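Input: a single structure, listed below in structure tokens.
None of these values were measured; they are calculated from a predicted model.
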Amino acid sequence: MFEEVLNLINSQEIGTIDDGLQPVIILVDPQLGENIGASARGMWNFGLKNLRLVNPRDGWPNPKAGSVAAGGGIVLDNVKVYSDLQNAVKDLDYVFATSIRHRDLDKNVSSLEKAMERTQNLFSRDMKVGIMFGPERSGLENKHISIANSIISIPVNPKYGSLNLGQSVLLTGYEWLRSKSREGDAAQSKARSNIAGQGDVEKFHDHLVDSLQKISFFFPEEKSNSMRINLRNMLSRMPLTNLDIRILHGILRQFDRWKSRK
């Protein structure tokens, strides 16, 4: 398999990969500039260009990132920075969360290999895909994972499960390029799927939370935050279509109108 990737690299196909047919790498609350640089270098090793940072601890730009990125500086030159995760994923249609621990959220979990095969399938339907990585010290929290559609789990030594952020991104890039070598030209764009994007799901989530607040659903107060996370997690597991979202918005509006007439 490694030879397949080397052949793909040597054929210079990386330089012609369409940006629109690449997963977006999203680093959530990254702490060290060096790890951002290592991630960029690992991405560019396998032709990935689209990097987004969410609330980097030491701000951006960070000179320490450039010193580690080496030839991957091209990725840093085009990095996009966001203050919150919701805005970072709102234009995406499907989002993976990487996590060694599955925590306590009910979410589909797949291997990195299967996730990249799934990504190729999503691209064949002209959908935009993102892959989230958490901060170095703690990884992604439930509030982040609840936004994702599914989880990627990378098998590691159970006695030492800590993967460096740059290593995790590097492994993802390797598996991504390997999936392309298997797929060849099979992932040609077809008619765009009618699955609702993350931004549309987020708008409905906000509408739903607002409506539920009006009827005091989030009670008791000390459980309010976990109830919201579980609610968002439930929505992200559903393959909601654009029509589904419009119908659900309509239902909530009718509830609001009914309540105002009481």
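- Across all non-hydrogen atoms, the minimal contact from Ser179 to Gln120 is OG-NE2, 3.1 Å.
- Judged purely by distance below 3.5 Å, without hydrogens or angles, the side chains of Arg41 and Asn45 never pair a donor atom with an acceptor atom.
- Asp29 has its side chain within reach of His144: a pair of non-hydrogen atoms, C-beta onward, lies under 4.5 Å apart.
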TODO: List the steps and the verdict of side-chain contact (heavy atoms from CB on, under 4.5 Å) for Val89 and Ile26.
DONE: CA-CA 9 Å; Val89 302; Ile26 306 162; 3.8 Å; yes
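- Put simply, Leu53 and Val129 are part of the same group of oily side chains (I, L, V, M, F, W, Y) that touch within less than 4.5 Å, one to the next.
- Here the side chain of Gln31 pairs a donor or acceptor atom with the backbone of Arg137 at under 3.5 angstrom.
- Within the 3.5 Å criterion, the main-chain N or O of Gly47 finds a donor-acceptor partner in the side chain of Gln22.
- Listed by first and then second residue, the side chain to side chain donor-acceptor pair (under 3.5 Å) pairs that reach into residues 57-67 come to none, sequence neighbours excluded.
- Among all heavy-atom pairs drawn from Ala97 and Ile145, the shortest one is CB-CG1, 4.3 Å.
- Note that the CG atom of Leu112 and the OG atom of Ser168 stand 9.5 Å from one another [nearest 0.5 Å].
- At a threshold of 4.5 Å between non-hydrogen side-chain atoms, the residues Lys214 and Asp256 count as touching.
- To the nearest 0.5 angstrom, Arg118 atom CZ is 13.5 Å from Ser111 atom OG.
- Within the model, atoms NZ of Lys180 and CZ of Phe46 stand 14.5 Å from one another, a figure rounded to the nearest 0.5 Å.
- Using modelled atom types, one finds no donor on one side chain facing an acceptor on the other under 3.5 Å when comparing Ser236 with Arg232.
- For Asn233 and Asp106, the side-chain atoms include no donor-acceptor pair closer than 3.5 Å.
- Taking both residues in full, the closest heavy atoms of Pro23 and Ile131 are given as CB-CD1, 3.9 Å, listed atom of the first, atom of the second, then distance.
- Side-chain atoms of Thr119 and Phe96, non-hydrogen and from C-beta on, do get closer than 4.5 Å to each other.
- In terms of hydrophobic clustering, with Ile, Leu, Val, Met, Phe, Trp and Tyr side chains grouped at heavy-atom distances under 4.5 Å, Ile36 and Trp44 are assigned to a common cluster.
- The structure places CD of Glu34 at 9.5 Å from CD of Glu136, a figure rounded to the nearest 0.5 Å.
- Residues Ser146 and Leu105 meet the side-chain proximity criterion, which asks for heavy atoms closer than 4.5 Å.
- Chaining together hydrophobic side chains whose heavy atoms lie under 4.5 Å apart leaves Tyr160 on its own.
- Residues Met43 and Val169 form a side-chain contact, since some pair of their non-hydrogen atoms from C-beta on lies under 4.5 Å apart.
- Among residue pairs with one or both ends in residues 243-252, those qualifying as side chain to side chain donor-acceptor pair (under 3.5 Å) are His207-His249, Thr241-Asp244; sequence neighbours excluded.
- Although no hydrogens or angles enter the test, the distance criterion places a donor-acceptor pair under 3.5 Å between the side chain of Asn242 and the main chain of Asn194.
- In this structure, Leu92 and Val24 have side chains that are in contact, with non-hydrogen atoms separated by less than 4.5 Å.
- Of the N and O atoms on the side chains of Ser150 and Tyr94, at least one donor lies less than 3.5 Å from an acceptor on the other residue.
- If you take CE on Met116 and CZ on Phe123, they are separated by 8.5 Å, rounding to the nearest 0.5 Å.
- Cluster note: Ile251 groups with Val201, Phe204, Leu208, Val209, Leu212, Ile215, Phe217, Phe218, Met227, Leu231, Met234, Leu235, Met238, Leu240, Leu243, Ile245, Ile247, Leu248, Leu252, Phe255 through ILVMFWY side-chain heavy atoms spaced under 4.5 Å, whether in direct contact or through intervening members.
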Listed pairs under 3.5 Å, donor-acceptor, residues 72-86 side chains, sequence neighbours left out:
residue	atom	partner	partner atom	Å
Asn78	ND2	Ile74	O	3.0
Asp84	OD1	Gln86	N	3.3
Asp84	OD1	Asn87	N	2.9
Asp84	OD1	Asn87	ND2	3.4
Asp84	OD2	Asn87	ND2	3.0

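- Residues near Phe219 contribute nothing to a hydrophobic cluster around it, because no ILVMFWY side-chain heavy atom sits closer than 4.5 Å to its side chain.
- A pairwise comparison of heavy atoms in Gln198 and Ile147 identifies OE1-O, 3.4 Å as the closest pair.
- From Asp91, atom CG reaches atom CG of Asp200 across 11.0 Å, with rounding to the nearest 0.5 Å.
- Judged by distance alone, the side chain of Lys107 and the main-chain N or O of Ala148 form a donor-acceptor pair under 3.5 Å.
- Across all non-hydrogen atoms, the minimal contact from Ser110 to Ala115 is OG-CB, 3.8 Å.
- Taken together through direct or relayed side-chain contacts under 4.5 Å among Ile, Leu, Val, Met, Phe, Trp and Tyr, Leu32 and Leu163 form parts of separate hydrophobic clusters.
- Of all the heavy atoms in Leu27 and Pro30, the pair that sits closest is O-CD, 3.4 Å.
- At least one donor-acceptor pair under 3.5 Å links the side chain of Thr98 to the backbone N or O of Met132.
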